[in-house]
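Below, chain A is the first sequence line, B the second, and so on; all start at residue 1. Computed from a predicted model, the values in this text were never measured in an experiment.
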Amino acid sequence: MLKELVETQLQRALEALDLPEPPAYQLKRSERPEHGDLSTNVAFALAKQAGQAPRRLAEQLAEQLRTQSDSPFESVAVAGAGFVNFKLKHEQIHQVLDRILRYQFEEPDYYYGISHQGEGKAAQVEFVSANPTGPLTLGHGRQAILGDVIARLLENAGYRVTREFYYNNAGRQMRLLGQSVQARYLEELGRPAQFPEEGYHGEYIREIARKIRAEQGDAWAEAATDQFKDYAEAEIFAGIRRTLGRLFRRPADQAFDIYYNESSLYGRGPQRPLATVDLITEWLRAASLAYDKDGAVWFKATASGRPEDRVIVRRSGEPTYRLPDIAYHLDKLARGFDLIIDIFGADHHDTYQDVLAALKGLCQNIPELKQYEPERIRVLIHQFVTLTRGGQQVKMSKRLANYVTIDDLIDELAATVKLEEQTQEAARTPEQLREAFAVNAVRYFFLMRNPDSHLQFDFDLAKAQSKENPVYYVMYAHTRIAAINAEYFTVFTERNTYRDPAAEDLSLLQQPEELALIKQLDALPEVLAEALDQLRPNLVTNYAFELARLFHDFYEQHRVVDASRPELTVARMALLHGIDIVFGRLFGLLGLFAPRYM
RNA sequence: GCGCCCGUAGCUCAGUGGACAGAGCGCUGCCCUGCGGAGGCAGAGGCCGCAGGUUCAAAUCCUGCCGGGCGCACCA
């Protein structure tokens, strides 16, 4: 709000001075108090065009802004070589809080921070997309949470969102899975069994084998490998859904909207794609983007500037994974999404670029595909996760099956959560609370780093129930507000609500800590828009941490509930309420459980 | 060898064109009995990997180099 306010004033001033429309310039929240509340470099941007020195332009602008009617500014100053610094009247800042509170009470469908940018548009987010060969691990966890929060941010912006999980239950890896389970089952029966050379060694394979034995006895001794494969797939998939449900705080069967089976792209699955892999191959040939060599079919990636051509159909006649990927993404475009977001781990970097290149080629060259726009696809590549414990990196190897699963992680964190007496809430069992706290830590830790950067998951820090742990630091701000709220009613026993707009005088909020908090509240919509635009949920955790910091700062210096100063108390309670509205939004968007007591 | 990401305080990381580079932890010193002490204040600590370039202005953009991660299969 404050930014728009200044923007409007600035536009008026530029017109009044008969200055041209400036090229891209910045209007930012100032980092230092001596630079005012906001500052702009517009004078620099205009200098060349206007043929004047930035400093001189800035002075003219400042003068104009100072004298404009209804000026919202306390002061407009020129600094440095030509920055214009704005200091707003306190009443402008108080209005921000007033509007946040008023909307909350007067607009039934309004949530502060909501945006209409995606109104009427459909978005699809594809993430996790793990094949059902084993439980979800740490790497999947980061991706799952990133995808979940990006989906929530999209919904907040008005998009209709489809969460989609793509998987492949055919091919070599699944065959190996079936063989591994079969071998373990035969071992359970005490029969000779040959464990496949590159089979799956995880303990979960033995568990599945034992379960089959418990249900079937030795009836499956002569069964086909496929039977074991199908059984294992169902078991593993159920486990994956359970894990996702825990992470997303949703029932397991609502973790995703669509599970898209790769087999559909061969015409053998539940979905009906726009084009099967065979048709895609034909189209690529028709567009001169595919050719035969050494008995295989190659995609001419070099035509799009990629480093090398790639095989898309093996000599054996079996497509490589790139071909169904192309078919899948073409199908996404055909399904009419306005925005398509793919989330992949760093190991996919090379391959998605080939897929995008193929899509561009197809849409340009095949008449019936001209209507589709590959530019609607955005790809978020995230770096890997390492786990540290006791300052040491935990070594993981998929082959030896000594990797850490998401369930292990949540379980271990939950086991260490200490609940205070007062933490108990009637609505939740201690187990549910422990689970909620553990999931909070996992979610927050996966979110708090830039997806571009490697993420070091510090187990000891995640377990800590003290302010060194950022997730506790943030939750603690919220619970402190709840504690003050309770205190308010014990002191002002005659009141039954701390919202009393009639008695509220926000102009009593003059302390720098109070004004800083309101200005932080004002930034929420921009932060959410930026986080979505850049696909960087860590901007939201950063913001939440900063808000918590400002609040703790305020709390240390100022007493809220004060029987001798009821007016100030009411004003500060209003401020706290505004802060808690924003925390509520943040907890919702980050998918965190907001405890009233800790 | 080629491609992508990263390199900022002792550690973990913010900051991606602006004004003296920030936080948390750790370290040093001081203070505090609370609207929940799961505290508070202060301080030390940085040629923002290196070298060029673009710009009025570079941690931020470009080029090269060095270091780390991940890819580079007719595996997914």
Does the aromatic ring of A/F44 sit over the six-membered base ring of B/rA57, closer than 5.5 Å centre to centre and tilted less than 30°?
no
Ring stacking, A/H349 with base of B/rG71, under 5.5 Å and under 30°?
no
Just to be sure I understand the rule, does [X] reach a base, reach only the sugar-phosphate, or reach nothing, if contact means heavy atoms closer than 4.0 Å?
X      : result
A/A81  : nothing
A/N469 : nothing
A/F545 : sugar-phosphate
A/E556 : sugar-phosphate
A/E31  : nothing
A/T388 : nothing
A/D458 : nothing
A/E34  : base

Take A/D325 and A/Y352 through the side chain to side chain donor-acceptor pair (under 3.5 Å) test and state the conclusion after the steps.
CA-CA 9 Å; A/D325 262 11; A/Y352 90 83; over 6 Å; no
For B/rC2, which nucleotide is its Watson-Crick or G-U wobble mate, given both distances must be under 3.5 Å?
B/rG71
Go ahead and name the base partner of B/rU54; Watson-Crick or wobble counts if both distances stay under 3.5 Å, otherwise write none.
none
Look at the aromatic rings of A/F551 and A/F554 and report parallel, tilted or perpendicular, splitting at 30° and 60°.
tilted
Looking at [options], which one has an atom nearest to any side-chain atom of [X]?
X      : options                : value
A/F83  : B/rG18, B/rC75, B/rG3  : B/rG18
A/Y321 : B/rA76, B/rG18, B/rG69 : B/rA76
A/R536 : B/rC20, B/rC74, B/rU16 : B/rU16

Answer yes or no for A/R549 and A/Y473: cation-pi contact, defined as NZ/CZ to six-membered ring centre under 6.0 Å and angle to ring axis within 45°.
no
Would A/R434 count as a cation-pi partner of A/F437, with NZ or CZ less than 6.0 Å from the six-membered ring centre and within 45° of the ring normal?
no
Donor-acceptor pair under 3.5 Å, [X] side chain vs [N] base:
X      : N      : value
A/S39  : B/rA19 : yes
A/N85  : B/rA19 : yes
A/D347 : B/rG71 : no

What is the separation between atom CG on A/D292 and atom C1' on B/rC74, rounded to the nearest whole Å?
13 Å
For A/R142 and B/rC5, give me the distance from atom CZ to atom P, rounded to whole Å.
15 Å
For residues A/W298 and A/K293, report the shortest heavy-atom separation together with the two atoms involved.
NE1-O, 3.1 Å
